[in-house]
Amino acid sequence: MLQFKHEDRQYNSDSENITLHEVIKALGLDNKKVIAAKFNGELSDLSRIVSTSGEVDAITIDSPEGLEILRHSTAHLMAQAILRLYPGSHFGVGPAIKDGFYYDVDVAGTITEDDLPKIEAEMRKIAGAGEKVSRSDMTKDEALKFFQNDPYKTELITDIDAPTVSVYKQGEYADLCRGPHVSDASKIHNFKLLSIAGAYWRGDEHNKMLTRIYGTAFATPDELKEYIRRMEEAKLRDHRKLGKDLDLFSLHEEGPGFPFFHPKGMAVMNTLIEFWRREHIKRGYTEIKTPQILDRELWVRSGHWDHYRENMYLTEIDEKTYAIKPMNCPGSILVYKTQLRSYRDLPMRLAELGCVHRHEKSGVLHGLMRVRCFTQDDAHTYIEPSKIREEVTAIMELDKYFYTNVFGFKYTVELSTRPDDSMGTDEQWNEAENALREALESTNTPYTINPGDGAFYGPKIDFHLEDCIGRTWQCGTIQLDFQLPGRFDVTYIGEDGAEHTPVLIHRVVFGSVERFMGILIEHYAGAFPYWLAPVQIKIIPIADSHLDYARELQNAFMNQNLRSEIDTRSEKLGRKIRDAQMQKIPYMLVVGDKEKENHTVGVRERSKGDLGSMSLDEFMNVLSKEFNPLR
RNA sequence: GCCGGUGUGGCUCAGAGGUAGAGCAGCGCACUCGUAAUGCGCAGGUCAACAGUUCGAAUCUGUUCACCGGCUCCA
């Protein structure tokens, strides 16, 4: 007799051949949402026949695990449809991912975006017909024979480190797959194919490029609709579109990857930088500026020539090779070395808003997020080895203040360890990695480990901010460097009167000021908070006769370092307000006869609407209540 | 860099071998207006670049460039 349990329920079966679905029914767990099972903690098909006792759970379509299975099965359904429409196609891998699924296909012929509806229709046909899905387990040899005409599956099977594999069949289509899957395709209703792209087989750029088709599936039609709505919302927040609409920056064929910042974009960037400077001065940083172009020899010495050359732009001056700097560290080191340093000078925190150039492959450029020239809000801290934890902790506090308190971001932290292409000994790396780990653990910071993703000179802590579509962007980083100080003979005189080598900490908060601005544009959907807004106040005269008064007001604002504009067009009030709203300007001041006479302003706030008339002093008081980290 | 797609006035887009179109923005004129689009008029493009096919190319072909979606890489 077999015994099945679920929490306090129990079912005893006389049969030694019972499917999990039957058990789930017997336990009273079945309903329409059930699409898979869990047996002793292992996800399984409903059709799986069990011959031992155990713990049983039903997986429903609306659970995270169920949704993943649904999407995975939808990927298979898509593959079957593609096989029908493009016979002879081969399939690579087709997993469920964060918001859907994809399948990499070596298509017999070509598939374009226009073909997606056709494939979708075929999928609905197959699902409507209730195509059954069945699993068979076979040995690797049997599987190799089964897939002998499929180079991709053959490669996958060969690499699998298990004696047996499973194959899922639905109609004429069969796929190597761990499963589980829905028991028949009619369970799949709410799906959509989204886009098409190239993807290298097994993610290796030396391999053949397959056609990747992205899609998604949800438990209910409403969730699918909501997802599509969210994608549209994300499109509206796209910083490239808003950058154009709000006149912040532009990109030109004449300088791919080199953004042009317009006056309004610079107003935002300068405000960010002003804030950044203040916070750094408060925390004991001083600022330097080092040259854009430096001798090749410097980069050889720093190791960049060996480890970073393909990203560097080179130039020639008087028949000598120079490099346009891709990083600020060597310049900082030269500044440090201009004097003999004492342990009393440490930690020495040299900050630099350095503009660095890096050659990025043409296909990766993306608005402000991925460019070939950007401003790092860099700082290099020279420190006694015993002070690492303390200093790293202080930087993490600074990061938290910026990200959470000022900008309201969620972020995650990653510890990246030694990469293949790196300098230094294992001992140095272990020491450096342990120092970072201790800093993270002593501050109870949750983190994940990203093996092999450190810089070539040391391990690092990375801060990833999440944007409105759930993409994450690496912004801050804290990198320990036990290499460069040695390479450049960087020293300080210790308390003992002897020469010592300091540890170098590289760190950024914004990362790239340009990228950070891009993230902020999307984060705020272009509606910058008052303190950052490129135009804080729009003065709207009702008629031309109020222009003089408007100019008077603007002068008052200029004296207070407030950014204001006057709408001088001879348009109707409604039009001027509409345009100011669309520019997402925080405050609109309507001035007409009444205001001019009483020396007041009619205040309209972009989201609260009309706040009524008040004196200039009263308005200034309203402004003083706005969040402003610069005060 | 690779795969696929797209390049038409400042912006959004129509036109698919036979003398370049619309709306918005701009400019001019009228209106001088009270909280999300006043009306009329004018001007604006070697149709991404280069080569080819053709009597004739924005339209067909090729090459290049840029952009978009991904892959690889990354702040």
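The chains referred to below are lettered A, B, ... by the order of the sequence lines, with proteins before strands, and numbering in each begins at 1.
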Taking only distance into account, with no hydrogens and no angle test, what donor-acceptor pairs under 3.5 Å do side-chain atoms of residues 86-96 of chain A form with protein atoms, sequence neighbours excluded?
unit_1	atom_1	unit_2	atom_2	d
Y86(A)	OH	K118(A)	NZ	3.4
S89(A)	OG	Y86(A)	O	2.7
S89(A)	OG	A108(A)	N	3.0

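- Under the side-chain contact (heavy atoms from CB on, under 4.5 Å) criterion, I566(A) pairs with I539(A), P541(A), L547(A), A550(A), R551(A), Q554(A), T568(A), not counting sequence neighbours.
- As rounded to the nearest Å, C71(B) and U64(B) have C1' atoms that lie 23 Å from one another.
- With sequence neighbours excluded, the residues forming a ring-ring contact (aromatic ring centres under 6.0 Å, His included) with Y152(A) are W201(A), listed by chain and number.
- Atom pair L611(A):CG and U35(B):C1' shows a separation of 11 Å (rounding to whole Å applied).
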Can you tabulate the close N/O pairs, meaning under 3.5 Å, that link protein atoms to atoms of nucleotides 40-42 of chain B?
none

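- One can place CZ of F260(A) at 14 Å from P of A66(B), the figure rounded to the nearest angstrom.
- Distance from the side chain of A199(A) is smallest for C71(B) among the nucleotides G7(B), C2(B), C71(B).
- Protein atom CZ of R606(A) is 17 Å distant from nucleotide atom C1' of U35(B), rounded to whole Å.
- Listed for the H506(A) side chain is no donor-acceptor partner under 3.5 Å among the backbone atoms of C329(A).
- Nearest nucleotide to the side chain of I196(A), out of C71(B), G1(B), G4(B): G4(B).
- RNA chain B lies under 4.0 Å from at least one heavy atom of each of the following residues of residues 567-600 of chain A: S570(A), E571(A), K572(A), L573(A), G574(A), R575(A), I577(A), R578(A), Q581(A), V590(A), G592(A), D593(A), K594(A), E595(A).
- Partners of Y403(A) according to the side-chain hydrogen bond (donor to acceptor under 3.5 Å, both in side chains) rule, which considers only residues two or more places apart in sequence or in another chain, do not exist here.
- Under the 30°/60° scheme for interplanar angles, the aromatic rings of F407(A) and F510(A) are found to stand perpendicular.
- Remark: N328(A) engages K325(A), Q376(A), D378(A) in a side-chain hydrogen bond (donor to acceptor under 3.5 Å, both in side chains) (not counting sequence neighbours).
- Distance I540(A) CD1 to A37(B) P: 12 Å, rounded to the nearest Å.
- Listed by chain and number, the residues in a ring-ring contact (aromatic ring centres under 6.0 Å, His included) with Y401(A) amount to none (sequence neighbours excluded).
- Counting any heavy atom pair closer than 4.0 Å across all strands shown, H546(A) reaches no nucleic acid atom.
- Not counting sequence neighbours, T404(A) has no partner by the side-chain hydrogen bond (donor to acceptor under 3.5 Å, both in side chains) test.
- Listed by chain and number, the residues in a salt bridge (charged side-chain N to carboxylate O under 4.0 Å, His left out) with K264(A) are E565(A) (sequence neighbours excluded).
- Rounded to an integer number of Å, the gap from NZ of K538(A) to P of G34(B) is 20 Å.
- Here the side chain of R240(A) is nearest to one of G1(B), C33(B), C68(B), namely C68(B).
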Can you check nucleotides 72-75 of chain B for protein contacts, nitrogen or oxygen pairs under 3.5 Å, and list what you find?
unit_1	atom_1	unit_2	atom_2	d
U72(B)	O2'	E205(A)	OE2	3.4
C73(B)	O2	R370(A)	NH1	3.1
C73(B)	O2	R370(A)	NH2	2.3
C73(B)	N3	R370(A)	NH1	2.9
C74(B)	O2	R370(A)	NE	3.4
C74(B)	O2	R370(A)	NH1	3.2
A75(B)	O3'	Q474(A)	O	2.7
A75(B)	O3'	Q474(A)	NE2	3.3
A75(B)	O3'	R515(A)	NH1	3.4
A75(B)	O2'	Q474(A)	O	3.0
A75(B)	O2'	R515(A)	NH1	3.1
A75(B)	N6	E360(A)	OE2	3.2
A75(B)	N6	V371(A)	O	2.7
A75(B)	N1	V371(A)	N	3.2
A75(B)	N1	V371(A)	O	3.4

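- Contacts of N207(A) classified as side-chain hydrogen bond (donor to acceptor under 3.5 Å, both in side chains), with partners at least two apart in sequence or in another chain: none.
- Counting any heavy atom pair closer than 4.0 Å across all strands shown, F516(A) reaches no nucleic acid atom.
- In this pair, F275(A) and F402(A) present their aromatic rings tilted. The plane angle is within the 30 to 60° band.
- Nucleotide G70(B) holds its P atom 10 Å from the CE atom of M231(A), rounded to whole Å.
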